[in-house]
4 protein chains.
Amino acid sequence: MSDTRGRVLDAALSCLVAHGFGGTTARAIAQAGGFAPGVIYYHFTDLDDLLVATLAHTCEARAKRYRAELSDVDRAGRAVEVLRTLYDEDTAVGHIAAVQEIYAGARPGSRLAAQLSLETRRWEELAEELLTALLRGKPLASVVRVPVVASAAVAFYLGMETLTHLDGDRSRPAALFDQAARIATVFDRIPRLRRRSS
Amino acid sequence: MSDTRGRVLDAALSCLVAHGFGGTTARAIAQAGGFAPGVIYYHFTDLDDLLVATLAHTCEARAKRYRAELSDVDRAGRAVEVLRTLYDEDTAVGHIAAVQEIYAGARPGSRLAAQLSLETRRWEELAEELLTALLRGKPLASVVRVPVVASAAVAFYLGMETLTHLDGDRSRPAALFDQAARIATVFDRIPRLRRRSS
Amino acid sequence: MSDTRGRVLDAALSCLVAHGFGGTTARAIAQAGGFAPGVIYYHFTDLDDLLVATLAHTCEARAKRYRAELSDVDRAGRAVEVLRTLYDEDTAVGHIAAVQEIYAGARPGSRLAAQLSLETRRWEELAEELLTALLRGKPLASVVRVPVVASAAVAFYLGMETLTHLDGDRSRPAALFDQAARIATVFDRIPRLRRRSS
Amino acid sequence: MSDTRGRVLDAALSCLVAHGFGGTTARAIAQAGGFAPGVIYYHFTDLDDLLVATLAHTCEARAKRYRAELSDVDRAGRAVEVLRTLYDEDTAVGHIAAVQEIYAGARPGSRLAAQLSLETRRWEELAEELLTALLRGKPLASVVRVPVVASAAVAFYLGMETLTHLDGDRSRPAALFDQAARIATVFDRIPRLRRRSS
DNA sequence: CATGAATGAGACTTCATTCAT
DNA sequence: GATGAATGAAGTCTCATTCAT
């Protein structure tokens, strides 16, 4: 059973973080992981294949974590708080930077793009769950299409990362979370309507 | 006089649209424009230089158009309507796809990244102007930090494009504009407070 | 009558000094002289032709100067003194650096190489004249083949320049002139034999 | 194990001889050695790096040979004789032509220039050893600064090669060795002074 | 399983030179 | 006489990928 496979995956992730999509070459990955370039092709079909696996790997781990922390959150204020923490974790482990690089570099139509669509869909589902919980019983619920707003949330998150990554200005997400907290407070003040159990 | 410079700019833009950032090589641009690769280097220092110029070129043209159409809009419903039209234009001329590719491909720290920051700032300013007009007199104004939300809007727009570009699903922006229209209607129903002229 | 031709010649020389043989491109010369690249091809067949002319131009000027200063020198001490001054002049006007670059860059068999042979021959002749004057009547004269030693002197001068140029160590020629002066003193102490006028 | 590295080194040397510094391109080297251009970059960082290695390689081999042959020579006549043989060897193996090309082509300030300075220093040291042995006990010793004359000898050797290389006139070195032999004979006739052992 | 040398296509860029104006 | 835009060949170097060991 190959432990090396995991090393390759890790090396690819850290290479993405350190050198970007364009700098994630077979040689660079091999050097980052301390193995020979040929190893990559033993465990993966080609670089695209490796990147697909890397993406799946990091997303799965992070999504599990998100779900664990958000499972019983139903107030916006608390949600923002938790998301801020999770976001900081993302940043710390490099997940964010790597995924953003993959989004940036993947060519439409490639296998990597397909996997990306799949992961995007998963994150949208997660957002839908949270949104549904937050909106339960709120009068605003009738005006909001949950899937659409969930999709908007994912898009926003990705875009914010692209900008932050580019200018390295880490105060941007901070300000955004602050603003979100402010709006969350207003939101949480809106009373829930009585409903039959659903 | 240099009409060719403009042809190079156009070729770069269409190449970005057709082959993405990674596919925008000197050769591909030359082929797209029907000139020799050397021409690029006669008019521009670098591919980077060309891309910077291309970005500035398309952004300037589009920003002018946005400003013209949005100058006297002060209701959200109308704003969404106009933005939808402008967005369709963006899509038609390729502006959007090209800019998104550049965002995706630019390496942090590069000259291109710097220009991108600059353009981002400009779009944020435009968003700020619009937001300020929309919020004037609204009770929500006190809870909203205009610059932060403007920045969020730009981020969202960029992220939406990244996703749309990747999976080619043009129904996403349509759904989002619909949702935005719906929220705009609610928003426009909130009455403005009386204010002293200002 | 073309004054521009002279400007091209000067530009080529200063370009040789500033950027070396390899950096002496048509564009670089044009920029150095403040004219369009096309001008070069109006006055000269090609770059090789220009370099040939440049070499001839600077050598002629310097050779005239050497001959003027050395015409009536017949003692080694004085010769070394004068040569040191002329060498400093060479350095100041860039003659030396330019010629050295041409020697370095010229391909055997090229027209430039042919011109170089010709100029070398001229400098050897000048050296022969000086050597003959210095050796007149000396007992050493019988052991010395003037043309051979003259050729050695030119070779030495060229080699010294190559080394000096490479490491930028201007103390080397200084030390060599000092040593030469020391040997010249010894040489001048050897009495001349009586001879019939010759 | 890398036998190919050696082939690349040899190819570079022969390419230098055959096509000169300017003609020693990656492609030309690859063709000369019968391998793909990419191989060069597998074994060396750079063309510069390869040239540095080539220089070191040939110089080391030759210097060892010089030292072996000259170790116990203390008379000028014999020295000239040995040097003439060594020179013929240099010519035969291409060492001389290659090194001369490198001297000619190296840009001041480059890594190659630095290596060249180093090698120059080594040849000067060798010359110093020989000169010291020849001058031991001679009255002339007091007027001669060994390091300076050693440096002059190296410069002369280099310059002679530049000239010979350019016009392909192999009679020049022959004449010079003849002249040197003649002077050596005179020199060897000067008696050594008595000295305390040292 | 793993290695690392080798390949060859292709990227960017520079340059001498030409030519219409 | 002079200009400067354009060309196309050639140069350096990188990289995904293969393959013998």
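Numbered from 1 within each chain, the chains take letters A, B, ... in sequence-line order.
- Between B/H43 atom NE2 and E/dT14 atom P the separation is 15 Å, expressed in whole Å.
- Minimum interatomic distance between B/A106 and B/L116 (heavy atoms only, all atoms of both residues): CB-CD2, 3.6 Å.
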Dump every N/O contact between nucleotides 7-11 of chain F and the protein below 3.5 Å, one line per pair.
from, atom 1, to, atom 2, distance (Å)
F/dT7, OP2, B/A36, N, 3.4
F/dG11, OP2, D/R27, NE, 3.1
F/dG11, N7, D/R27, NH2, 3.1

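- Evaluation of the side-chain hydrogen bond (donor to acceptor under 3.5 Å, both in side chains) rule for D/T54 yields no partner, not counting sequence neighbours.
- The CD atom of B/Q31 sits 14 Å away from the C1' atom of E/dG10 (whole-angstrom rounding).
- Annotation: F/dT21 and E/dC1 have their P atoms spaced 23 Å apart (nearest Å).
- Between the CD1 atom of B/I29 and the C1' atom of E/dG10 there is a distance of 15 Å, rounded to whole Å.
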Show me the side-chain donor-acceptor pairs of residues 27-36 of chain D shorter than 3.5 Å, one per line, residues at least two apart or across chains.
none

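- Rounded to an integer number of Å, the gap from C/Y41 OH to E/dT17 P is 4 Å.
- Sequence order on DNA chain E of the closest nucleotides to C/T24 and B/T24 puts B/T24 first from the 5' end.
- For residues 100-113 of chain C, the pairs satisfying side-chain hydrogen bond (donor to acceptor under 3.5 Å, both in side chains) are C/D49-C/R111, C/Q100-C/T162, C/E101-C/H165, C/E101-D/R107, C/Y103-C/T120, C/R107-D/E101, with sequence neighbours left out.
- Atom C1' of nucleotide E/dT17 and atom CZ of C/F44 are separated by 16 Å, given to the nearest angstrom.
- Residues satisfying the salt bridge (charged side-chain N to carboxylate O under 4.0 Å, His left out) criterion with B/D167, sequence neighbours excluded, are B/R172.
- Distance, C/I40 CD1 to F/dA5 P: 16 Å, rounded to whole Å.
- With a 3.5 Å limit on both pairing distances and Watson-Crick or G-U wobble geometry required, the stems of 3 or more pairs in DNA chain E span E:2-21 with F:2-21.
- Residues satisfying the side chain to side chain contact (heavy atoms under 4.5 Å, CB included) criterion with A/H57, sequence neighbours excluded, are A/L9, A/D10.
- Every residue meeting the side-chain hydrogen bond (donor to acceptor under 3.5 Å, both in side chains) condition with B/H95, not counting sequence neighbours, appears here in chain and number order: B/T58.
- Between A/L51 atom CG and F/dC15 atom C1' there is a gap of 15 Å when expressed in whole angstrom units.
- Distance CZ (C/R7) to P (F/dG1): 13 Å, rounded to an integer number of Å.
- Minimum heavy-atom separation, B/L13 to B/V93: CD2-O, 3.8 Å.
- With sequence neighbours excluded, the residues that form a side chain to side chain contact (heavy atoms under 4.5 Å, CB included) with C/A56 are C/Q115, C/E119.
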